[in-house]
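Note sheet for the following structure.
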Amino acid sequence: MEVQNAPTTGGGGGGSTPTVWVFGYGSLCWYPGFEYTDCITGYIRGYVRRFWQGNVTHRGTKEKPGRVATLIEDKEGITWGCAFRVTGSHALDYLQQRECTLGGYVTEYIKFYPRIATEQSGISGEAFPALVYIATPKNEHWIGEEPLLVTARQIVECRGPSGHNVEYLVRLAMFMRDELPGACDEHLFELEGLVRRFVAEANVQLELLLVGNVTPHRIRRDTHEEVRRHVTFEYTSRVPDTKLRCLHI
Ligand SMILES: N[C@@H](CCC(=O)N[C@@H](CS)C(=O)NCC(=O)O)C(=O)O
């Protein structure tokens, strides 16, 4: 997939083949499935994450469509996730198939704000454009807003070729707790609470639903953080370690 008119992305990279940053906010956070050279945590502004996209190819079927994440415009909103630095077209060709062809997502460039920035890593404190895959109301599997209880019930009852829909939600919540402790996302964590409750009420062992057909892998993120200690403060744009605020900015 050629990325037409890819803006010059921040975060250095250089080299002949274009470097593109891809922002992940759903399964890409815990299962990118492509090669990348860097993975950094951070956020985008002007959007909130919602489980308002149906899915019949990974976490559901035509008869019982699952629920996966998309982004909804909200001028006060921010969405935390991670950005992957990729070079060449292989990763983008893979994502074109996985996200667009199979998932109904379209691509957009959105400003990404790194959580940790250091001069040495070539990742300055400045935001830079990242490629984002968004499911819009125009796609055939769009669900839109529904009561959270309905979404939770659907997630508990759906599974697809990639595994159970519960795995999709719980692994994303686990990523947020592990990598961005304290980052706010009421929709995600309230949904997770309901799903965990329904799974317990059905006397199902949650761990059995997390064994999907894809191999989630532990991603070493913010590796440039190791050089953080040499940086002077004007380059460090770090949200406080202890509790990430809901940055309604
Ligand atoms: N574009 C979002 C969502 C991507 C996403 O979750 N896509 C789904 C549906 S097409 C997917 O690839 N699922 C793979 C899986 O569920 O294992 C992201 O950046 O993470």
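Remember, it's 1-based here, ligands and their atoms both numbered in the order they're listed. Values reported hereafter were calculated over all heavy atoms of this structure, with side chains retained and with hydrogens, waters and symmetry mates removed.
Side-chain contact between Met176 and Phe189: present, with at least one pair of heavy atoms (C-beta onward) separated by less than 4.5 Å. At least one side-chain heavy atom of Tyr25 sits under 4.5 Å from a side-chain heavy atom of Leu71.
A side-chain donor from one of Arg115 and Thr41 sits under 3.5 Å from a side-chain acceptor of the other.
Checked against a 3.5 angstrom limit, the closest N/O atoms of Tyr31 and ligand 1 fall outside it. Between Leu28 and ligand 1, at least one N/O pair is under 3.5 Å apart. No N or O atom of Trp30 sits closer than 3.5 Å to an N or O atom of ligand 1. Between Gly26 and ligand 1, a contact under 3.5 Å exists for at least one N or O pair. Among the atoms of Tyr133, some N or O lies under 3.5 angstrom from an N or O of ligand 1.
Atom numbering of ligand 1 starts at 1 in the shown order; those under 4.0 Å from a heavy atom of Phe23 are 19 (O). Which parts of ligand 1 touch Ser162 is read off a 4.0 Å heavy-atom cut-off, strictly below it: atoms 15 (C), 17 (O). In summary, the atoms of ligand 1 found under 4.0 Å from a heavy atom of Tyr168, numbered by their order in the structure, are 3 (C), 5 (C), 6 (O), 16 (O). Distances below 4.0 Å separate heavy atoms of Asn55 from the following atoms of ligand 1: 9 (C), 10 (S). Set against the non-hydrogen atoms of Gly24, the atoms of ligand 1 under 4.0 Å away are 19 (O). Set against the non-hydrogen atoms of Gly103, the atoms of ligand 1 under 4.0 Å away are 10 (S).
Legend: residues meeting side chain to side chain donor-acceptor pair (under 3.5 Å) with Arg98, ordered by chain and number and at least two apart, are Ser27, Tyr94. Not counting sequence neighbours, Glu35 has no partner by the salt bridge (Lys or Arg N to Asp or Glu O under 4.0 Å) test.
Of the protein's non-hydrogen atoms, the one nearest atom 1 (N) of ligand 1 is Glu99 OE1, 2.9 Å. Here the heavy atom of the protein found nearest to atom 19 (O) of ligand 1 is Tyr25 N, 3.1 Å. Closest to atom 17 (O) of ligand 1, if we only count protein heavy atoms, is Arg59 NH2, 2.8 Å. In this structure, atom 13 (N) of ligand 1 lies nearest to the protein heavy atom Ser27 OG, 3.4 Å.
Between Trp80 and Tyr43, the distance from one ring center to the other falls under 6.0 angstrom.
For the ring-ring contact (aromatic ring centres under 6.0 Å, His included) with Phe84, the lone residue among Tyr31, Tyr36, Tyr133 that qualifies is Tyr36.
By the 6.0 Å and 45° rule, Arg153 stacks over the aromatic ring of Phe198.
Within the 4.0 Å heavy-atom criterion, neither part of Leu102 lies near ligand 1.
Heavy atoms of other residues, nucleotides or ligands lying less than 6.0 angstrom from CD of Glu73 number 12 at most.
Which of Arg98, His164, Arg171 comes nearest to atom 12 (O) of ligand 1 through a heavy atom is settled by distance: it is Arg98.
Contact record, Asn55 with Gly103: ND2-CA, 4.5 Å, taken as the closest heavy-atom pair.
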